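To start, the structure under review is shown below, and the notes come after it.
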Amino acid sequence: MRTFIRQHKQAWASLKKKPGFVLTVLMTMGITLGALLCAVTLNYLLLVEPLPYPEQERLFVAEHKLIGAKNETKAVAFTYPGLVHLYKSKEAFEQAAMLSYGGDVIISHSSQPLINAAYVTPEFHQILASPLALGRLFEASEAIDTYNPVAMLSYNTWQNEFDGSADILEQKITLSGISYRIIGVLSKDFIEPELGEIGQKTNVWMPWDYNQAGERQRESFGNISGNLKFVGLLKKGVSPSQAKQLLTPLVSNRWVEGVADTDFFKGWSIEMRVRSVKEAILGQSESIAVMLLAGVIGLVLIACANISNLFMARTAEKQRQMAIQAAIGATKTHLFKAMLAETTLLMFMSIVLALVIAQTGFYIMQQYLGAVLPRINELSLNPITFGCAVLVTIAFALFFAKLSIRMINYRALNTTLQSSGKGSGLQVSKKTRQVLIASQVALATVLVFANFSLLKDAMKTINAPIGFATENISTLVLNFSSTDFPTQEESIPIMAEVMEKLEALPQVESISQGRSPIDGFSIRALTNVADNERYTPYLKGADHRYFNMIEQPLIQGDNFTLVDRKDENNVMIVNQAFAKQLKADGDVLGLQISMGGPDPFKIVGIVKDIAIPGDTPQDQNSDAVGTGVARVYVPNGLGGQSFMLKLKPGQTVSREQLGKLLAEVDSRYSVFSFNASSDILTQSLFSEITTAVTTAILASLVFLLAGIGLYGILSYGTQLRRFELGARMAIGATRKHLVFMIIADNTKAILAGFIGSIVLFSLAYIGLSEYIQPFLSWQMVPMIVVTLVLIILVTLFACYWPLRQYINQPAIFSLRGSD
Amino acid sequence: MTDIKIEMKNIGKVFETDDVETHALKNVDIVIRAGEYVSIAGPSGCGKSTLLSLLGLLDMPSSGSYIIEGHDVSSLSLDEAARIRNEKIGFVFQSFNLIDELSVFDNIALPLQYKKELPTDEFIKARVEACLKMVEMSHRADHKPNQLSGGQQQRIAIARALVADPAILLVDEPTGNLDSKSGDTVMAVLAELNKNGTTICMVTHDARYANMANIQLKLLDGQIVKDEPLKVAV
Ligand SMILES: Nc1ncnc2c1ncn2[C@@H]1O[C@H](COP(=O)(O)OP(=O)(O)OP(=O)(O)O)[C@@H](O)[C@H]1O
Ligand SMILES: [Mg+2]
């Protein structure tokens, strides 16, 4: 033990003299191992770690798979009565629950916040054994068809919306005109299964009976919804495939019966899919997680190669010292132990840094990737992380110590002393070093270029002009909080008054009825009456102020008028892309388009194209190639309950203010959502922004690693040439001479590296041409130039930096020890 | 006075390591005139190598003034020092310090490559061959240094030191790594060079070789204790 401590003290003392070396190892290994720990923990969580529910291995979701007449899958989604039928049948599952999600506004609350609601049968929380902070879970008294108006809150909702009030169980909450008594608050530790979407966070739980499905949907076997879920505990001894065999005929027969009178569904059937809850939650995320791990392992390997270089350089530097130790009797084991003490110390410090970085990584992922990766809130430093950390520390410490000691020819150490340290036992030959430089340059060039290309692509999408204004424009969607819905006729005067009041607000510049393009379009099948050609463009209802407000230019024909909307005229405005699809010359004014109804629509205007991130052309027919996304617009009705508000610059309107205004007009209305278009635009660019950030970080990291790697090799080489440098200085070489000499000596290797990168690219091209082809263009030239310049700069730096300690001191410094 | 090659006045050199100050040289005055052969002797650690590295501008003195052929070189930038070394000083090291990758010819030509104005190839060739002849190594021009014996390597090092026609040849323990026979040849070469007019300043332990110089300096604890022209009187 004493020797152990002494060795580590010595190692520490000797490392303290090389802060640059220590810092480089720390940063490189710390950052990359931090990323590794992050990725390992994430993969373990997603792929291995059981869900935090009792009997989670028996937790399964059942899904409806709609099978068409040609045995093809049409959709995976339940019909409402189909789900209820499955639920009531109680087959295969010991206990099962239905649930559906929705958004709603807490009307009873002064700020009238929009919350996420979930409607569940009591079994849901019973199966999950959801922990409570207060009160009780749903029970038989909330079973299906009991219509018992009670609610459970999430812990955060209790804290944020009710200020954690102690008498919460005596309070009520009003949603959509129904007052629910609060009977329970879930514990802070409750982890919600993300069955609806990744990042799902339900605020208020209500009994199944109150779900948002309309009367018709509840009856209709012809109406599917992705929002209906079935989850349950499989009976002991029943496998998922057995469950599927059991449930399929049960559900399918009922469904076929239900749609018997609809020709459209002739020949269709239902097949059940039974998946573990874990699999359902994981979804596509598995591949993201695994790719992340693979990428990080790649980084760790590059880092490891780099640090190996540094250790070789350090060993070269310590060779003389070790020779002396050997001369006075140190065995090879002694030397190895001393080396191990040093590598252990370094790896220990690195792993501590890595743990800090991993923890920071978890935090960042939880902040930004909550909607991309499931179960992210469960991420934390856990035994797996620490186990992995310990393993990695030991493995790398041993590896680097072994590598260093292997370089030393123990028997040759003694001669080292006699021949005064020069030239003897050159550990890493010049050729090996040149190969290392070349491969480093090649790898860095490829990786930096690849990341740059992805970055540029993402930036292009982010910065692409969208063709319409979003500045100061927000979309307001109203919530109707009563159980008896108004007819279109009734709502027209109410909406007119709402609009009048909104427009009178001092902050509001103008108003339009309908939603911003960024809120989405629907897709509609249309027929050109002239030639019966079918199209499926994006469709949107717009009012007569829509195009003006979003500054989308009308290039031909007329805008909608108020009369068009009042009289429900069959007029249509199309964009240029659709005009081109309809007729090559784009002259489509007056053309008749059928939407399936008795009277076709007449095209009255053509507007300029807009580009919404993520929207892709629907039509794959050859005419559509090269044109933009086809869009059509029809006049919307006067009773619509959503609006675009354009605010004056610098002005804001709060949700509360709008809520008050609505209450003045009609107390049944409240604000459902009020979102700035620019925010929604940013959200829709989320994946591009994530890509941009990730690639920028990766490029910088690769760059840093390449710099460190090249520095390692070159500093090793320079170390070996110390006396030669001294001799050259003694006979009159200036600093410039020496810098140029080192650069010239490495030029060949660097050029070889560039050629290597071209070879790598060519290989990638042969293997992955379909992915790379779209990137190939003259636009690549500046990217190539930038990459080359950056790599050359890094290389020049790596040439100069190790040299500086010799050439910026009197020549005697380099020569000392040579005599 | 123009024949004064080197003039050191009141030179001091202090090494500061951690908190210890080592006064390696104190109040050293040296004058070396054209054609002189100076030897510096003294016990280990007395400052011989330090003095030689100051003379050769490999290091800078802590105090005092240093003039080479009328140029004050007491405080120069690193690159200026390199330039003066290149033009005025030839250095011969105990461990030769030849560059293994270069041939004998290229090793000798190296100082000319570092000249401010690069000489023509013909000039270089002529100059290198002349120097090779001076050290009697013409037949080995195309060899690599590690194919030569120690004594031969040292003669090549001398040739390299001479090639740029320096004001003075500084030699540090030239025989330290050699057996006595090779040492004798090297010393003979130096004596011959001096006879032909080369100014030499040499550090040596060996009293026998020190006696070959016509001025013998003794260093003790960083100070010069004896400065006697011997052979001049003879
Ligand atoms: N870089 C340095 N840092 C600190 N002290 C030094 C340094 N170089 C030399 N010294 C000290 O200066 C003094 C003179 O050293 P120098 O090498 O000139 O001795 P020397 O006469 O050449 O000895 P030797 O005959 O053994 O080669 C010594 O006491 C030495 O410890
Ligand atoms: Mg000495």
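All values derive from a computational prediction rather than experimental measurement. Letters A, B, ... mirror the listed sequences (proteins, then strands); counts begin at 1.
You'll find the side chain of L725(A) reaches within 4.5 Å of the side chain of M741(A), heavy atoms only. For the pair N10(B) and S65(B), the minimum side-chain heavy-atom distance is 4.5 Å or more. Residues M137(B) and V104(B) have side chains not in contact (no heavy-atom distance under 4.5 Å, counting atoms from C-beta outward). With a 4.5 Å cut-off on side-chain heavy atoms, M212(B) and M202(B) do not count as touching. For the pair Q147(B) and R140(B), the minimum side-chain heavy-atom distance is 4.5 Å or more.
The aromatic ring centres of F21(A) and F311(A) sit less than 6.0 Å apart.
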What verdict does the side chain to side chain donor-acceptor pair (under 3.5 Å) test give for S814(A) and R728(A), after you've listed the backbone C-alpha separation in whole Å, the side-chain angles of each residue and the deciding distance to 0.1 Å?
CA-CA 10 Å; S814(A) 309; R728(A) 284 178 188 267; over 6 Å; no
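Heavy-atom distances place no part of L54(B) under 4.5 Å from chain A, backbone and side chain included.
Geometrically, R735(A) does not engage Y800(A) in a cation-pi contact, judged by NZ or CZ lying under 6.0 Å from the ring centre and within 45° of the ring axis.
Taken from CG in L345(A) to CH2 in W12(A), the straight-line distance is 6.5 Å, to the nearest 0.5 Å.
Inspection of non-hydrogen atoms places L78(B), D79(B), A82(B), R83(B), R85(B), N86(B) of residues 69-92 of chain B under 4.5 Å from chain A. By a heavy-atom distance cut of under 4.5 Å, not one residue of residues 203-210 of chain B is near chain A.
Using modelled atom types and a 3.5 Å distance limit, the side chains of Q113(B) and D106(B) yield no donor-acceptor pair.
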